[in-house]
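Every value quoted in this text rests on a predicted model; they were computed, and no experiment measured them.
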Amino acid sequence: MTDEFSFKLLATDGAARRGEVTMPRGTIRTPAFMPVGTAGTVKAMYMDQVRGVGADVILGNTYHLMLRPGAERVARLGGLHEFARWPWPILTDSGGFQVMSLSKLRKLNETGVTFRSHIDGAPYELTPERSIEIQGLLDSDIQMQLDECVALPASEQEIERGMELSLRWAERCKTAFGDQPARAMFGIVQGGDVPALRERSALALKGMDLKGYAVGGLAVGEPQDVMLDMLGVTGPLLPADKPRYLMGVGTPDDILKSVARGIDMFDCVMPTRAGRHGLAYTRRGKVNLRNARHADDPRPLDEESDCPAATDYSRAYLHHLVKSGEALGAMLLTWNNLAYYQRLMADIRAAIEAGAFADRAADISEGWAKGDLPAL
């Protein structure tokens with residue numbers, strides 16, 4: 001293991017990249033999918049299960065943890081790794097997206113954003129400096145700059161205003177973060193769906209010489225082709241020797257197509273949220289266990305999976321659990337979903353190393369298109 005944060009590019013296949021992010025708490029194999037542990041827990045999962053399906057890193061959320069139980073309390077209890085019993089790398093987001101999306105009463109200015117908690121209405125202020133301070137109290141390994149995520153659709157003027165503010169906040173976050181060799185702070189490219197603004201944001205952040213770069217403000221309701229177009233604009237402008245993280249993405253198809261455009265890291269609540277609502281991700285595409293067609297089906301979810309949730313329980317039993325509202329249903333389907341996502345990432349990494357990414361991506365997509373097993 002290393003005492004310093006580093007990124008090494010191991011192989012490329014077209015624009016697709018295979019690499020490793022290394023830091024004192026462990027190595028992140030890229031392309032990587034980070035399970036979302038919003039409030040210090042990956043919902044419906046034990047941490048040893050999360051590690052067991054192949055996750056190298058999880059995501060924690062500054063906004064939720066600052067509200068409850070509080071960053072200072074987590075620090076007193078040994079930091080988020082000790083608190084949540086996850087000794088491997090943790091990335092924390094800045095809290096900016098949640099402030100914009102969850103807090104109805106908020107006021108944004110150059111200093112930062114003031115808002116009221118969605119839990120109890122208590123007032124808070126989040127500045128770039130305070131966001132970095134909170135992430136430090138949580139003891140996260142990769143910390144994100146505070147930015148403003150402008151919801152799309154929006155006017156070009158509004159997108160430009162948010163992008164420029166985010167760049168100024170990035171400079172303040174960099175100063176607040178200081179020199180921490182074992183950790184990293186990533187900047188966030190903004191610019192909405194305007195290519196020229198994405199270019200300006202990417203080049204300005206590149207000039208700050210940060211340890212990694214994220215693409216934000218996408219997967220917020222715009223069509224997939226718009227997201228992919230913006231990645232096509234942004235990716236070539238970012239340093240090849242730094243990790244690239246697409247925030248909040250996404251579906252397995254989003255991931256395949258974004259890897260093809262040079263993205264290294266992903267996170268999304270989709271696999272865990274879907275698991276809690278009866279939806280399973282498989283090599284045959286999505287399977288809705290709420291459907292009555294599964295009620296008498298003794299077959300497993302996926303006989304070729306390496307996850308016990310997919311092989312050891314019948315579809316009939318999973319359907320019963322989901323329809324009954326049993327917690328075990330959410331647990332098993334979340335386990336399956338995260339295992340599927342991690343298996344997909346391992347498949348992608350192997351294909352890039354073999355120089356066969358395009359062919360493998362086509363095979364995976366064809367499997368989804370064929371659909372689930374016929375009903376009995």
Side-chain angles (χ1 to χ4, degrees), residues 9-20 28-35 53-56 193 195 215 218-219 222-236 238 240 243-271 274-275 279-288 299-307 309-311 333 336-375:
L9 195 59
L10 301 176
T12 59
D13 186 3
R17 296 147 50 95
R18 164 76 174 100
E20 287 183 347
I28 304 170
R29 298 162 293 175
T30 66
F33 180 81
M34 301 181 285
V53 298
D56 295 328
D193 54 0
V215 181
L218 295 174
E222 80 284 357
Q224 186 194 56
D225 61 345
V226 172
M227 178 187 79
L228 297 176
D229 286 347
M230 294 305 101
L231 293 181
V233 168
T234 304
L238 297 175
R244 303 167 182 172
Y245 163 31
L246 178 56
M247 305 184 74
V249 173
T251 68
D253 185 57
D254 287 337
I255 290 173
L256 271 186
K257 290 175 178 174
S258 299
V259 166
R261 288 160 176 79
I263 296 298
D264 305 307
M265 300 169 66
F266 302 87
D267 82 280
C268 190
V269 299
M270 201 167 288
L279 189 66
Y281 285 93
T282 79
R283 61 191 171 88
R284 300 185 181 100
K286 292 184 287 187
V287 177
N288 186 352
R299 297 173 295 183
L301 192 53
D302 184 350
E303 71 283 357
E304 293 186 11
S305 174
D306 55 3
C307 177
T311 57
L333 292 181
N336 167 82
N337 290 349
L338 287 180
Y340 177 74
Y341 267 66
Q342 294 301 334
R343 188 165 60 254
L344 175 66
M345 304 315 295
D347 206 352
I348 288 170
R349 292 191 294 266
I352 295 171
E353 289 178 354
F357 173 70
D359 288 344
R360 184 62 188 132
D363 289 344
I364 292 169
S365 297
E366 184 179 344
W368 296 333
K370 287 180 179 177
D372 194 19
L373 296 171

Exercise for the section: Flag the pair Pro195 / Asp229 as yes when at least one side-chain heavy-atom distance between them is below 4.5 Å, and no otherwise. Expected result: no
Problem - Pair Arg283 + Glu303: basic N to acidic O under 4.0 Å - result: yes
Completion exercise
Residues passing the side chain to side chain contact (heavy atoms under 4.5 Å, CB included) test with Arg343, sequence neighbours excluded, are Asp302, Ser305, Asp306, Ala339, Tyr340
Practice task
Just say parallel, tilted or perpendicular for the rings of Tyr341 and Tyr281, cut-offs at 30° and 60°.
Solution key: perpendicular
Problem - Beyond-backbone contact of Thr251 with Met270, side-chain heavy atoms, under 4.5 angstrom - result: yes
Problem - Flag, side chain of Asp267 to backbone of Gly248, donor-acceptor distance under 3.5 Å - result: yes
Exercise for the section: Without swapping roles, check the side chain of Asn337 against the backbone of Leu279 for a donor-acceptor pair under 3.5 Å. Expected result: yes
Handout entry: Heavy-atom side-chain proximity of Arg261 to Leu246 below 4.5 angstrom
Key = no
Handout entry: Close side-chain approach of Met230 to Val215, heavy-atom, < 4.5 Å
Key = no
Exercise for the section: Indicate yes or no: at least one non-hydrogen side-chain atom of Ile28 is less than 4.5 angstrom from one of Pro243. Expected result: no
Practice task
Measure across Leu256 and Ala361 and return the closest heavy-atom pair with its distance rounded to 0.1 Å.
Solution key: CD1-O, 3.8 Å
Handout entry: Results of side chain to side chain donor-acceptor pair (under 3.5 Å) for Asp13 - residues two or more places apart only
Key = none
Exercise for the section: Evaluate the side-chain proximity of Asp193 to Glu222: yes if any heavy-atom separation is below 4.5 Å, no if none is. Expected result: no
Practice task
Ignoring hydrogens and angles, tell me if any N or O in the side chain of Asp264 forms a donor-acceptor pair with the backbone of Thr30 under 3.5 Å.
Solution key: no
Fill in the blank from the handout: Rounded to the nearest 0.5 Å, the OG1 atom of Thr234 sits from the CD1 atom of Ile263 at a distance of 8.0 Å
Exercise for the section: Decide yes or no for Pro31 and Arg349: does some side-chain heavy atom of the first lie under 4.5 Å from some side-chain heavy atom of the second? Expected result: yes
Practice task
Indicate yes or no: at least one non-hydrogen side-chain atom of Arg18 is less than 4.5 angstrom from one of Arg29.
Solution key: yes
